[in-house]
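Comments concern the structure below.
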Amino acid sequence: MIYSYLYFIIGHFKNDPSKSLLSILSISLGIALFVSTQINAWKAEKSIIDQTVGFTSENFLGRFVYKEISEKPNNQTNFIKTIYSQLPNHILIEPELNLKSFLKIDDQQTLSIPIIGRDLITSKSIKKEIDPKKKTKKYFFSNSLFLKTKSMVYPIVITVCNDEVSIPANEIEPIEQDGLFIILDIERLQNICKTKSYTHINLIDNSNSDENPSYQPSLIHPNWLYESKKEITERAGIALGSLKINLTIISLVSVLISFFMVSNIYSGLFTSQKKEFGILLSIGGTRFSNFFLFLAQTTCLALIGGLFGNFIGVFISKLNLFQTLNTLTDANQIDTYLNFPPKFILYGFLISVIGSLFSAIFNAIKAYHILPIELLREKNEFTIPSSRKIPTYLFFFFSFTFICVGVFLGFLKFEKQIIPGLVGIGFVIIGFVLINFLTIFQFISILSKLTKRFFTHPNFILGIKEIEADAWKNSLTISTIMLSTSLVFTLTSLTDSYEASLERWVDQENKSDFSLINEKKLSSGEPGVPINLLSELEKSDLFSDVEPFFINSKFIVNGNYFTLHVLKFKENQNQNELLVSTNFCFLEKLCKGDSIEIITKKKGAQTLKIQNEIEHFFSERGTIVMDYKLFTSLYEEEFLNSIRLTMTDGVNKKKIFSFLKNISEKYQLNFLDHKQLKDLYIAGMNQVFKVLDKLKISAIVISVLSLITSIFYFIKEKSRIIAGLRAIGMSSLQMFGLLFYQVFYLLSHGILSGILNSLLLSPIVVFGINKNAFGWELDYTFPVHFVAKLPIIIPIFSIFITLIPFYFLTRMRISKELNYE
């Protein structure tokens, strides 16, 4: 039996290589999208964790972080001695000074790079890099940073603690580790920064155990906070959770689109092989053997498709085509990560096999029910159950029930819970898939009646009748197009809603005429406008209002990341209390009248009251807003993210422009007007959502392939009929028309269904999933302008898609197709 299986499968690859390649390609596309997005989401999370823990070794257990900036160095030393006396022998202590440094790559880009001071003699992560036979280098660069700086002119100059440090080439040693960072001896870094303090005290496991190390010290100190590796990892996961969820949803929808296409291909595969199944039955085979033979064949295709999909997905992830960015991540850091956990490869294989089996099960059942008489049949007579068994109206009832239940679940309000929304989307999609199958007969019936009243080209009538003859396969093609169209319109609606909300927020919250920024540090998210510039601008009579603006995108409250905004409060607002965004209140249940405990650099732990909530469209995790005077009393900062300037009425604009130009050149800054600032915000948003645009393109490509595949199978299945028509004089133009009308109908039906589907899914995403995940109320918009262009786009797309199968049709040999021997 196993030989017949192998012969059948290998024979399929040999006799129909184009079909096999299409099946493998269909599976590969969906798996590649899933694997690449998951790997890139992991890279983003890993980059945040590594920057937080200082790119330490894998045996990192946790760290002590001191709360009081005024902690004296000798007190820190005493604390280290206390820790050491209480720790097991296999746990090492690694004091660390982790600071930010800046490296100017060129005139347009400045990188923000962690510079880490450690004891190079005892550091477990550095020991293996030191060659005892050679002179120890002073600076250890990550390999990615070393490659970036290799083409630069030495010595390299980095800025740390407001001091410039020159690093000659002979003092640099590369480290084989992902990320951008510099490690040097802690005493050297302390001398550069004129301090004897540490930022962290790391605990490292030295037991050489293969198990994942974990440890929770019993030591409690009022000025020191212990953070385990698990807590740090969970914090990064929460910070990127919404982004990862969005990518997972979209990639899984792309996988679903891909497997609709695969199911369509398997339907054609069954049609082309039904005679072989009939032969197997007639020579002693069983129905069960036919059933498992079809599944074995599809499993083989799934394994090969999964292999190629994983390979393509890994390749795409290295190109960072689906890079995951938000206010916490650094694109330059993410680019350096080349390694990833093998679990994503395993997930890809599992999805390819399971998805392929689900896609094949319906046709496997058809293979089970096949009869030996199929040897004599020329036409696939499988149809849906007749209305005498299950009335058509019941199918419509179930379809609309699925849609109504899906809409209800999609709009349920559960903060931080998107499962109801996802289930709702699933129900809506199932409902529309059923409707697509049923409406093929309705639409073609209507079109047939119209053709009796109006003159219609025979190719059109023949084309739509052929679609009706194989309604199941064509409904899968329509559903593939529907899902792709719905995905494109839903994602466009989401991004357009974000953009409309962002524009409104900028107009309402920032009424200043100009903003001074440091464009070179903008990409790293670091502040770069000197704080002492404030007094110089306030002395000028050119501006009626000079407002400082500071952002900290990694502001920790209750162990989680939030965004801190610092600005000047209005006169009616209490400067000693906080404001929080409405989505912070929704997600964290900390609202007006509640209090928040924060760790400050000057005064340690402080409890501040929330005076009110405001709409603040900036951070998906929530934003905390603090008055500038309160901020300066709690923290020490030397740079701002921007300074907002409002012109004094009646002042000459040329004079202001001249003044701002001189200030910008003096401090190496840029000044933006209100429109340019809005464009900058939108560009930042587009950078985050750029991955969605690429996924939309991928969905369109999968739909086009699905249509081409459907027409290919039509040509293959009807090859003898088409050859006969050509033999009796059917012209090439008439052949093209026959294919064109089928493509045009399938594309029109699928796009129309997709638009209707997106009219339900986009509100669910915006007001259901988005609200529960982020707490935002967006200004809903729908891409109506796309709909207006469809009467032009659909015919053009139909012609383009028809050209490819038509090319192969013209190469068909009539004598070969009409040969029944």
Side-chain angles (χ1 to χ4, degrees), residues 30 245 248-250 252-264 267 354-355 357-363 365 383-387 389-414 417-444 471-491 493-494 699 703 706 746 749-772 782:
I245 288 169
T248 301
I249 294 169
I250 295 165
L252 285 176
V253 170
S254 300
V255 170
L256 183 62
I257 294 171
S258 178
F259 280 114
F260 264 107
M261 179 179 169
V262 171
S263 185
N264 192 4
S267 181
I354 295 171
L357 289 175
F358 270 107
S359 302
I361 193 70
F362 180 75
N363 289 290
I365 294 171
T383 58
I384 61 170
S386 67
S387 58
K389 294 180 181 179
I390 302 178
T392 303
Y393 70 86
L394 277 181
F395 277 105
F396 277 108
F397 172 77
F398 285 125
S399 301
F400 286 111
T401 300
F402 273 118
I403 292 172
C404 293
V405 171
V407 171
F408 173 76
L409 292 174
F411 285 106
L412 286 178
K413 299 297 182 184
F414 292 103
Q417 277 293 333
I418 64 167
I419 300 300
L422 295 181
V423 174
I425 286 176
F427 273 101
V428 171
I429 290 174
I430 292 171
F432 268 87
V433 169
L434 291 174
I435 287 176
N436 287 337
F437 178 66
L438 296 170
T439 52
I440 284 182
F441 303 100
Q442 307 296 326
F443 284 160
I444 290 179
W472 170 254
K473 184 169 68 69
N474 288 309
S475 70
L476 291 174
T477 303
I478 290 170
S479 295
T480 306
I481 299 167
M482 177 204 76
L483 280 173
S484 300
T485 305
S486 181
L487 182 65
V488 170
F489 274 81
T490 301
L491 291 181
S493 176
L494 178 64
S703 292
S706 179
L746 293 173
H749 193 155
I751 289 177
L752 175 62
S753 180
I755 293 171
L756 295 175
N757 186 257
S758 65
L759 284 171
L760 291 179
L761 293 190
S762 56
I764 290 175
V765 170
V766 172
F767 299 116
I769 293 177
N770 179 81
K771 174 68 176 178
N772 290 335
F782 189 80

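The shown structure was predicted, so the numbers you read here are calculated from the model rather than taken from an experiment.
- Residue Ser486 holds its OG atom at 12.5 Å from CD1 of Ile751, rounded to the nearest 0.5 Å.
- Residue pairs meeting the side-chain hydrogen bond (donor to acceptor under 3.5 Å, both in side chains) criterion with at least one partner in residues 420-432, sequence neighbours excluded, are absent.
- Here the options are Leu494, Leu487, Ile425, the test is side chain to side chain contact (heavy atoms under 4.5 Å, CB included), and the partner is Leu761; only Ile425 passes.
- The side chain to side chain donor-acceptor pair (under 3.5 Å) check on Ser399 picks up nothing, with sequence neighbours excluded.
- For Asn770, the side chain to side chain donor-acceptor pair (under 3.5 Å) test picks out Tyr498, with sequence neighbours left out.
- For the pair Ser762 and Phe489, the minimum side-chain heavy-atom distance is 4.5 Å or more.
- Two residues are said to be in side-chain contact when any heavy atoms from C-beta on lie closer than 4.5 Å; Ile764 and Phe411 meet this criterion.
- Ser753 places no side-chain N or O within 3.5 Å of a backbone atom of His749 that could act as its donor or acceptor partner.
- Counting heavy atoms from C-beta outward, Ile354 and Leu357 have side chains that stay 4.5 Å or more apart.
- Residues Phe396 and Thr439 meet the side-chain proximity criterion, which asks for heavy atoms closer than 4.5 Å.
- In plain terms, the two heavy atoms of Asn772 and Lys413 that are nearest each other are OD1-CA, 3.5 Å.
- When side chains are defined from C-beta on, Ile435 does not count as touching Leu756, because their heavy atoms never get closer than 4.5 Å.
- Contact annotation: the side chain of Asn436 never approaches that of Ile440 to less than 4.5 Å [non-hydrogen atoms, C-beta and beyond].
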